[in-house]
> 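Below you'll find the structure I mean.
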Amino acid sequence: MVNLPILQHEDKIVDTIDRNQVTIVIGETGSGKSTQLPQILHRRGYTSHRRLIAVTQPRRVAAVTVARRVSQELGVPLGDRVGYSIRFEDRTSEKTLIKYMTDGVLLRESLSDPELREYSVVVLDEAHERSLNMDVLLGLMKRLVKTRKDLKVVVTSATLDCEKVSAFFDGCPVVTVPGKLFPVEIFYREERPRSYVDACLEEALRIHVSQPEGDVLIFMTGQEDIEKLVAKLSERVSSLEEGSCMDAVVLPLHGSLMPELQVRVFAPAPPNCRRFIVSTNIAETSLTVDGVVYVIDCGYVKQRQYQPITGMYSLDVVPISKVQANQRAGRAGRTRPGKCYRLYSEDVYREDLLDETVPEILRSSLAGSVLYLKSLDLPDIDILEFDFLDPPSLESLEDALKQLYLIDAIDENGLITSVGRTMAQLPLEPSLSRTLLAANEYGCLSQALTVAAMLSSETALLASRSKIDGNKRMRETFSDLPGGDGLGDHIQLLQIFEQWDRVDYDMDWCKEHGLKARGMKFVRDVRRQLAQIMQKVARGSLDVRDQKGLTERQQGYKNLRKALCVGYANQLAERMIHHNGYRTIGFKAQLVQVHPSSVLEADGEGLLPTYLVYHELVATTRPFMQHVCAVKMPWVMPVLKKLEGLDISKLSGQSYKSNNTAHSNDASNVPSNSENMKTLDDAGSRIKAARERFLARKKKP
DNA sequence: GAGCACTGC
């Protein structure tokens, strides 16, 4: 600890922070910035007068483990002078001076105290990961330092484009602290391989027979490719001549792997045995595998993107950024000098790869963030001009405003409503928080709480199924799961949770029904948290309770569907007259279908309901609506009426601007905005082209 | 009749 690089720069760092409100600290891996920087500031008096140092982390585990280590280093119990606060878990006390937290928690806190008066310093750690929350925080901090002259902000990062961030913070100083990484030699390929699985296979075998001991980490895009490579590599390795090289084990590593299989990569390799870890980008930042000396990088990653024009999500294979490529290579140099084999040429690295990963704020729906910002009541600000490090496109902001208007969170002038204020208190996407409020009116809050909790952790629910396990969908495999009375997936989710409640939240029950126990436990926690927040305004019961009689239950479902229709006003679809295709209701109607995994049932003539709401539009082989629920025409009518009267320019405050020519002609924002949209367009088309090349190659035999 | 990168309040 004593020879951590950052301690040698202590005076310089403290001096810079003393004299500037915002400081950027570039700390490479192993510099000790996350653990040491807060301790340095603590030693130098930034925690006097009972003020705290806030340190945000992008992940829960990071907040916990770093807090734990710092408390050990200071020799104090965790939760005493050093604590952490993450969702569902607050380990801080009156004595806490250094507080680690996830960035989302700090955003929640600034909702109740926008000035963050508790803190003398806010350290935004790992800012280069650019989560949606981080980008909102960066914008808020830029405003806050202007009104709170005593506040210090430290933005730390491994590889951030420091000129851009420094310019964002009006030319603030940048301090660089070297890391403790060993050199990693990079090897390129002349050409992109035809098949990534086979190229990785050859490369891995070549390393195995020619290179000295050391584990191999292979970066692939997804579960399917990983399983293929694991199978092929295991087979080839076991068929190698005995005694010709050392033993080998091949381990898969990805998010949907069962936890007990995931931890295998943390066990050290048996003696004289090389480990091959075939991983998604989970091993890029989230998990650190010890013993890795060789890295094979396929150059691609799967990324979820949102198209504000169509309201559709897609999961695309895209080229990684230079930042990601370097992060992957760095995984080889943690314990000794390493080697990284890139399955692309140096030209591709230099010319084709983007410098930075496209930040999440440019590829997500912004409804939640916009509502959050509106609820802060920032003076003299209109949302289109909020100062983001990477401003989202106009389309993206207008898409968010339109949705917020249709669900009554903002009025026709774009001002936040009292409904919107209550919604912003709930840690949910706006469609679900609006559903809760409507359900409260209709007397079915308890059921809506369950549905919202189930949906907000949906991906964590289904037990992982690989292709090899078969193609059965959940209800076919586990036929005793309820089917939502044919009304749709929301009702099914409600019924599943109620059934789990009836067996007293038995964990074995989850496994027997193909549900992840951890995911279901998470649902319970979310539900509890939502119930607690809703308690203040709740009109009815918050308990998970089965209605006594059949008619009562059916009435409950009807009320719930009505509430869903209010919350999902921006996610409505109308069936075609003669077949089961749907058209989304809105400005840009999309032709979509109910996803085949839905439990929604057709009537006696084989027709699906005329109107339904959907949770998400996903473009896979075709555009699908995922998680649908049948609704009735009378409930839809108010939405249609509202749509007719919608004036997007009023919502986005354009009328305000036209009344203030000086303001609207303020050129400062215009060039940066349009410039950004151009680069994003470029990035988008390049990503698309590269993806098509990738897919074309993949399909060849 | 189809397909699951990774986080987080």
Side-chain angles (χ1 to χ4, degrees), chain A residues 56-63 85-90 101-112 126 129-137 219-227 253-257 279-287 298 300-305 313-318 320 324 357 359-360 363-364 368-369 371-372 423-430 432-433 452-453 456-474 476 516 522 525-526 529-530 533 580 593-598 600 602 618-626:
Chain A
T56 71
Q57 293 292 323
R59 276 170 292 281
R60 295 162 57 89
V61 272
S85 180
I86 57 178
R87 190 178 190 183
F88 310 132
E89 205 181 341
D90 183 1
M101 56 183 113
T102 42
D103 39 26
V105 168
L106 187 60
L107 276 184
R108 287 281 134 200
E109 285 189 2
S110 77
L111 203 54
S112 50
E126 313 285 353
E129 291 195 22
R130 299 291 304 277
S131 66
L132 184 53
N133 286 340
M134 176 60 74
D135 275 21
V136 175
L137 277 173
F219 284 104
M220 306 275 292
T221 57
Q223 183 178 351
E224 193 186 336
D225 286 352
I226 288 171
E227 282 172 1
L253 180 61
H254 51 83
S256 45
L257 206 63
S279 173
T280 58
N281 56 333
I282 194 170
E284 210 175 272
T285 49
S286 306
L287 296 179
C298 80
Y300 290 95
V301 66
K302 258 185 204 168
Q303 223 172 46
R304 195 174 141 98
Q305 349 240 20
Y313 287 92
S314 59
L315 190 63
D316 304 321
V317 172
V318 301
I320 57 172
Q324 283 177 296
T357 315
E360 208 184 332
R363 10 177 212 102
S364 335
S369 298
L371 178 61
Y372 171 84
M423 285 168 59
Q425 306 289 321
L426 291 156
L428 288 172
E429 44 193 292
L432 292 175
S433 52
S456 63
S457 38
E458 199 277 333
T459 51
L461 292 186
L462 294 187
S464 99
R465 281 158 301 150
S466 66
K467 279 217 159 166
I468 298 146
D469 293 345
N471 304 335
K472 295 268 169 63
R473 78 175 202 231
M474 176 173 71
E476 286 164 349
K516 281 187 193 167
F522 181 77
D525 287 336
V526 173
Q529 186 189 27
L530 297 177
I533 299 169
N580 281 333
Q593 283 177 316
V594 175
H595 196 275
S597 67
S598 175
L600 184 73
V618 290
T620 50
T621 52
R622 262 180 285 173
F624 287 115
M625 296 178 282
Q626 229 161 34

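In what follows, chains carry the letters A, B, and so on, assigned in the order in which the sequence lines appear, proteins first and then strands, with residues in each chain numbered from 1. Because the structure is a prediction, the values reported are computed rather than measured.
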> Quick one: are A:Glu129 and A:Met134 in side-chain contact, heavy atoms under 4.5 Å?
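SC-SC contact between A:Glu129 and A:Met134 ruled out.
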> Does A:Phe624 reach a base, just sugar-phosphate, or nothing at all? Heavy atoms under 4.0 Å.
sugar-phosphate
> Among B:dG3, B:dG1, B:dC6, which is the nearest nucleotide to the side chain of A:Thr280?
B:dC6
> Going by side chain to side chain donor-acceptor pair (under 3.5 Å), name the residues that satisfy it together with A:Gln529, two or more places apart in sequence or in a different chain.
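Partners of A:Gln529 by the side chain to side chain donor-acceptor pair (under 3.5 Å) criterion, ordered by chain and then number, come out as A:Arg87.
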> Hey, does A:Ser286 have a side-chain heavy atom less than 4.5 Å from the side chain of A:Asn281?
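In short, these two side chains do not touch, never coming nearer than 4.5 Å.
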> Rounded to whole Å, please give me the gap between CD1 in A:Ile86 and P in B:dC9.
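Spelled out: CD1 on A:Ile86 to P on B:dC9 is 7 Å.
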> For the side chain of A:Leu315, counting heavy atoms from C-beta on, which of B:dC4, B:dC9, B:dG3 is nearest?
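Nearest nucleotide to the side chain: B:dC4.
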> Grab the CD-P distance between A:Glu89 and B:dG8 for me, whole Å please.
13 Å
> Please report the distance, rounded to the nearest Å, between CD in A:Glu129 and P in B:dT7.
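It works out to 11 Å between those atoms.
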> Rounded to whole angstrom units, what separation is found between the CG atom of A:Asp103 and the P atom of B:dC6?
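Computing the A:Asp103:CG to B:dC6:P distance gives 19 Å.
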> How long is the line joining CD of A:Glu360 and C1' of B:dG8, in whole Å?
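It works out to 8 Å between those atoms.
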> Between B:dT7, B:dA5, B:dC9, which nucleotide gets closest to the side-chain atoms of A:Thr102?
B:dC9
> Categorize A:Asn281 for me: base, sugar-phosphate, or nothing, with a 4.0 angstrom heavy-atom threshold over every strand shown.
sugar-phosphate
> We want to know whether A:Asn133 and A:Ser131 form a side-chain donor-acceptor pair, criterion being a heavy-atom distance below 3.5 angstrom.
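No - no donor-acceptor pair under 3.5 Å links their side chains.
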> Nearest to the A:Arg87 side chain among B:dT7, B:dC9, B:dA5, which nucleotide is it?
B:dC9
> From the list B:dA5, B:dC9, B:dA2, which nucleotide is the closest neighbour of the side chain of A:Arg60?
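Among the listed nucleotides, the one closest to the side chain of A:Arg60 is B:dC9.
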> When the distance from OH of A:Tyr313 to C1' of B:dT7 is rounded to whole Å, what number comes out?
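In whole Å, B:dT7 C1' lies 14 Å from A:Tyr313 OH.
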> In chain order, what residues pass the side chain to side chain donor-acceptor pair (under 3.5 Å) check against A:Tyr372, with sequence neighbours excluded?
A:Ser110
> Report the nucleotide, chosen from B:dT7, B:dC9, B:dG3, that has the shortest atom-to-atom distance to any side-chain atom of A:Val105.
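Output: B:dC9.
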> CD of A:Gln626 versus P of B:dG1: gap in Å, rounded?
17 Å
> Out of B:dC4, B:dT7, B:dC9, which nucleotide sits closest to the side chain of A:Ser286?
B:dT7
> A:Ile282 CD1 to B:dC4 P: how many Å, rounded?
17 Å
> A:Arg304 or A:Gln529: which one's nearest nucleotide on DNA chain B is closer to the 5' end?
A:Arg304
> Is the shortest side-chain N/O distance from A:Thr621 to OP1 or OP2 of B:dG3 below 4.0 Å?
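For B:dG3, OP1 or OP2 has a side-chain N or O of A:Thr621 closer than 4.0 Å.
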> Could you check which of B:dG1, B:dC9, B:dT7 has an atom nearest any side-chain atom of A:Arg59?
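Closest nucleotide to the A:Arg59 side chain: B:dT7.
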